[in-house]
Amino acid sequence: MTVMDDWVTAACAELDLSPAQVPVPAVLDLARDVAHQVLRPGAPVSAYLLGLAVGRGADPADAAARLSALAATWPVELGADPADPSAV
């Protein structure tokens with residue numbers, strides 16, 4: 001087991017969730033895509049939004065893929081200013 005596996009197992013126990021239902025790779029990929037293509041603080045917020053969508057019945061893999069696709073097409077001019085250290 002990895003530290004991530006241990007964390008997910010413990011967090012799921014705390015929240016009465018099944019670790020088998022946590023798509024860790026999809027969530028990490030989404031966070032990476034948003035952090036690199038939109039802005040870093042958007043990564044945890046996007047993960048939260050993914051959780052809300054899944055809680056309302058969305059398929060986790062599909063919702064994560066849709067958000068990653070949105071991040072991939074996000075216009076650079078709408079992203080964070082790379083010269084502004086507070087934006088990253």
Side-chain angles (χ1 to χ4, degrees):
M1 257 188 152
T2 67
V3 173
M4 178 64 76
D5 294 332
D6 292 342
W7 168 251
V8 170
T9 299
C12 283
E14 187 68 27
L15 299 173
D16 195 27
L17 299 170
S18 168
Q21 295 178 316
V22 180
V24 173
V27 174
L28 293 176
D29 288 348
L30 168 62
R32 178 202 61 222
D33 294 344
V34 172
H36 291 176
Q37 297 167 349
V38 182
L39 76 163
R40 277 190 262 181
V45 174
S46 298
Y48 177 78
L49 294 172
L50 174 65
L52 288 177
V54 171
R56 292 183 175 173
D59 174 74
D62 177 62
R66 289 172 51 201
L67 289 174
S68 286
L70 177 63
T73 62
W74 197 252
V76 173
E77 64 271 10
L78 294 179
D81 179 358
D84 180 2
S86 68
V88 292

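Residues that satisfy the side-chain contact (heavy atoms from CB on, under 4.5 Å) test with Pro19, not counting sequence neighbours, are Val8, Thr9, Cys12. Under the rule for a side-chain contact (heavy atoms from CB on, under 4.5 Å), the partners of Ala71 that lie at least two apart in sequence or sit in another chain are Asp33, Val34, Gln37, Val38. Residues meeting the side-chain contact (heavy atoms from CB on, under 4.5 Å) test with Ala13, sequence neighbours left out: none. Listed by chain and residue number, Pro23, Ala64 satisfy the side-chain contact (heavy atoms from CB on, under 4.5 Å) test with Ala26 (two or more places apart in sequence, or in another chain). Listed by chain and residue number, nothing satisfies the side chain to side chain donor-acceptor pair (under 3.5 Å) test with Thr73 (two or more places apart in sequence, or in another chain). By the side chain to side chain donor-acceptor pair (under 3.5 Å) test, Ser46 is found to be paired with no residue, residues two or more places apart in sequence or in another chain being considered.
Listed here is the closest heavy atom pair of Val54 and Pro60: CG2-CA, 3.7 Å.
Other residues sharing the hydrophobic cluster of Leu49, ordered by chain and number and joined by side-chain separations under 4.5 Å: Val45, Tyr48, Leu52. Cluster note: Met1 groups with no other residue, as no ILVMFWY side-chain heavy atom lies under 4.5 Å from it.
Under the 4.5 Å side-chain heavy-atom criterion for Ile, Leu, Val, Met, Phe, Trp and Tyr, Val22 and Leu28 are members of the same hydrophobic cluster.
Judged as a side-chain hydrogen bond (donor to acceptor under 3.5 Å, both in side chains), the pairs with a partner in residues 10-29 (not counting sequence neighbours) are, in order, Asp29-Arg32. The side-chain hydrogen bond (donor to acceptor under 3.5 Å, both in side chains) pairs that include a residue from residues 52-61 number zero, where partners must be two or more places apart or lie in different chains. Judged as a salt bridge (charged side-chain N to carboxylate O under 4.0 Å, His left out), the pairs with a partner in residues 64-75 (not counting sequence neighbours) are, in order, Asp62-Arg66.
A donor-acceptor pair is defined here as one N or O able to donate and one able to accept, closer than 3.5 Å; no such pair exists between the side chain of Asp6 and the backbone of Val3.
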